[in-house]
Amino acid sequence: MKNILRQLITDAANTAFDNKEFNSNEFAEFVIEEPKADAHGDLSTNFAMVNAKTQKMAPRQIAEILIRCIGNDHPMIEKAEIAGPGFINFFISTAAWYPVLSDIFEKDTRYGFSDMGKGQKVQVEFVSANPTGPLHVGHGRGAVVGDSVAALLSACGYDVHREYYINDAGKQIQTLGLSVFLRCQELDGKTVEFPEDCYQGDYIHDIAKALKDEKGDWIHTISENDAIAFCSGFAADRMIIRIRSVLNSLGIEFDNWYSEQALVDSGKVESVIQKFKDRDLIYEKDDALWFRTEPFGDEKDRVVVRNNGQSTYFASDIAYHQDKLDRGFDRIIDVWGADHHGYIPRIRASIAASGKDEKQFVVILTQLVNLLRKGIPVSMGKRSGHFVTLKEVIEEVGRDAVRFIFLTRHYDSPLDFDLEVAKQKTNDNPVYYVQYVHARISSIIKKAREENGITEITFNETAVAKITEPEELRLIKHLARYPETVCASAEFMEPHRVAFYLMELAADFHAYYNKHRVLTEDPVLAAGRLYLILAVQKVIRNGLTLLGVSAPDAM
RNA sequence: GCCCCCGUAGCUCAGUGGAUAGAGCAAUAGAUUCCUAAUCUAUGUGCCGCAAGUUCGAUUCUUGCCGGGGGCACCA
């Protein structure tokens with residue numbers, strides 16, 4: 001609808017120039033939008049105002065000429081008015097809206113999809129939590145946002161790859177191994193001193209027990225160093241299995257789990273360091289190796305190999321991001337918690353230093369999550385081991401509510417997650433409000449089938465022409481906006497736009513439902529209305545799918 | 001001290017330069033012999049943190065300040 005109007009305006013503007021009514025054919029960029037007030041029509045443009053300069057004319061005069069050149073013979077335009085400082089308001093004829101419905105039926109699950117991405121390869125890397133402890137709600141937010149962004153990009157014609165980077169190399173994994181090893185010794189009745197910087201949580205006990213069940217006393221037959229190393233690998237594997245299962249329960253699956261240890265073993269870390277050394281981008285100071293990130297906009301240079309010979313996390317990350325680009329992705333998106341923001345300049349620097357386009361690298365920073373219960377903060381101490389895990393939150397609140405709550409806020413603003421509110425089945429918790437639309441429509445269709453003997457709902461011109469109530473046209477107009485909502489949501493990587501769209505559509509539907517009956521005495525009218533509500537249901541389902549939320553037939 | 005994010009109705013939050021700034025919750029009053037009341041209808045609420053600047057027009061962009069959160073390791 002907007003595209004047609006845009007073309008009409010552009011054509012009319014060129015006609016006006018050909019008629020020598022406009023002074024220039026260099027037109028400024030203009031927007032077409034839905035006015036907030038109904039009195040301002042269905043669509044409006046600021047064309048006249050933004051072109052006051054290019055035409056050296058008053059906006060209202062430009063508007064007058066433009067409307068004249070558009071003429072009144074186009075079937076879509078009922079009338080066009082000039083308003084305010086120079087807005088042109090268009091009123092669209094009722095009949096012009098009906099094709100929206102058949103378009104939805106035709107495209108069905110693909111209604112809202114587009115080819116905006118033109119098949120570009122995009123990688124979304126998200127969660128990537130260290131396998132040293134359970135996931136918490138903060139990880140959950142990143143997981144849900146990353147997954148939904150991936151779904152949106154996929155719907156918009158990008159070739160999307162979901163990846164989880166496992167930090168299974170380095171000191172924290174050794175600490176994990178040591179923690180498990182010590183708990184194993186405790187199981188054998190030894191009293192051990194458990195260091196404060198080891199992982200305190202109960203899950204360490206669980207892993208130690210599992211190891212003992214599987215291997216018996218075997219680990220005591222090998223050297224302590226070997227035993228700790230074995231514990232590290234065993235524990236990391238166990239943790240990844242747990243993490244994967246929690247993410248699966250949120251409906252999240254990855255195309256690839258990328259191991260840092262495998263990256264190190266492949267020699268890619270070493271070779272990338274050598275490469276940068278050769279170009280004098282890495283230098284030695286105080287027995288350590290430093291990367292020159294400062295010339296590329298970082299605050300200061302960063303260490304890649306410590307004076308004890310161990311490479312840092314950053315060294316692996318340089319190689320990892322090089323590897324991503326080498327794999328041919330046009331864009332790589334990292335979803336990180338806001339506490340990692342200081343890390344962005346150095347990764348960006350490493351990409352720029354390698355001669356690659358740093359614009360290919362995008363970071364989504366999700367702000368922190370405050371976990372509350374009835375407004376009171378729930379403690380989140382990580383070392384103490386006493387904190388509410390993501391798994392517990394999902395079990396208590398449910399997958400759909402968890403996902404929807406994370407997606408009804410811009411990822412950029414801090415989020416209060418109240419467990420009690422999240423469990424309520426009222427409009428405090430809009431996920432049910434939206435799902436209820438889907439269930440209600442299913443229920444009506446079921447009744448139509450069972451009691452009215454309606455077996456199929458298809459396009460019928462006379463039936464659709466009976467859709468004339470204001471609430472019905474409001475619904476159709478809303479449905480027409482869905483594709484552009486999805487596009488914008490993907491373009492800005494902001495899934496919350498889809499969530500808000502769905503809440504508004506749901507409100508329009510519930511209002512309609514309460515005012516008008518679908519299954520009326522008049523079978524033709526009923527057929528038209530069934531066609532309309534089935535279209536609503538398809539859009540609700542499509543939107544919820546992008547958010548990873550289920551669309552139930554009954555509630 | 002430096003860097004990032006936030007500041008919009010009593011609360012939780014939308015609003016990528018446009019017209020009279022919105023929604024839910026909370027409050028009050030109503031609606032169901034009828035397709036699911038997890039619903040709907042009606043009623044009020046605002047120095048859009050403050051101050052300059054940019055322009056036809058700023059909640060939106062720029063700068064400074066105030067307030068809240070986070071980050072500034074040879075940790076990950």
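In what follows, every chain begins at residue 1, and chains take the letters A, B, ... in the order their sequences are listed.
Applying the ring pair (Phe, Tyr, Trp, His ring centres under 6.0 Å) test to A:H341 and every residue at least two apart in sequence or in another chain returns nothing. With sequence neighbours excluded, the residues satisfying side chain to side chain contact (heavy atoms under 4.5 Å, CB included) with A:Q261 are A:D168, A:A169, A:S259, A:V264, A:D265. When the side chain to side chain contact (heavy atoms under 4.5 Å, CB included) test is applied to A:Y165, the partners found at least two apart in sequence or on another chain are A:E125, A:S128, A:N167, A:Y258, A:E260, A:L263, A:S316, A:D317, A:Y320.
A:D168 comes within 4.0 angstrom of no nucleic acid atom, judged by non-hydrogen atoms across all strands. Counting any heavy atom pair closer than 4.0 Å across all strands shown, A:D412 reaches sugar-phosphate atoms only and no base atom.
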Contact pattern, 5' to 3', of nucleotides 67-76 of chain B - B, S or - by protein heavy atom under 4.0 Å: ---BSS-BSB
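A close approach under 4.0 Å does occur between a side-chain nitrogen or oxygen of A:R440 and OP1 or OP2 of B:A37.
The stretch residues 504-515 of chain A comes close to RNA chain B through A:H510, A:A511, A:Y513, A:N514, each having a heavy atom under 4.0 Å from the strand. Contact check of residues 523-531 of chain A against RNA chain B (heavy atom, cut-off under 4.0 Å) returns no residues at all.
Distance from the side chain of A:F87 is smallest for B:A19 among the nucleotides B:U12, B:U16, B:A19.
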Filtered N/O pairs between nucleotides 53-62 of chain B and protein, under 3.5 Å:
none

Atom pairs, N/O to N/O, protein against nucleotides 25-29 of chain B, distance under 3.5 Å?
{"from": "B:C25", "atom 1": "O2'", "to": "A:D428", "atom 2": "OD1", "distance (Å)": "3.3"}

I'd like a table of donor-acceptor pairs (distance under 3.5 Å, sequence neighbours excluded) in which one partner is a side-chain atom from residues 343-352 of chain A, with atom names and distances.
{"from": "A:Y343", "atom 1": "OH", "to": "A:F314", "atom 2": "N", "distance (Å)": "3.4"}
{"from": "A:R348", "atom 1": "NH2", "to": "A:F361", "atom 2": "O", "distance (Å)": "3.2"}
{"from": "A:S350", "atom 1": "OG", "to": "A:I347", "atom 2": "O", "distance (Å)": "2.8"}

With a cut-off of 3.5 Å and sequence neighbours excluded, list every side-chain donor-acceptor pair involving residues 444-457 of chain A.
{"from": "A:K447", "atom 1": "NZ", "to": "A:E451", "atom 2": "OE1", "distance (Å)": "3.3"}

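Base pairing in RNA chain B gives the following stems of 3 or more Watson-Crick or G-U pairs, range against range and under 3.5 Å: B:1-7 with B:66-72, B:10-13 with B:22-25, B:27-31 with B:39-43, B:49-53 with B:61-65.
Sorted by first and then second residue, the side chain to side chain donor-acceptor pair (under 3.5 Å) pairs involving residues 44-58 of chain A (not counting sequence neighbours) are A:N51-A:T54.
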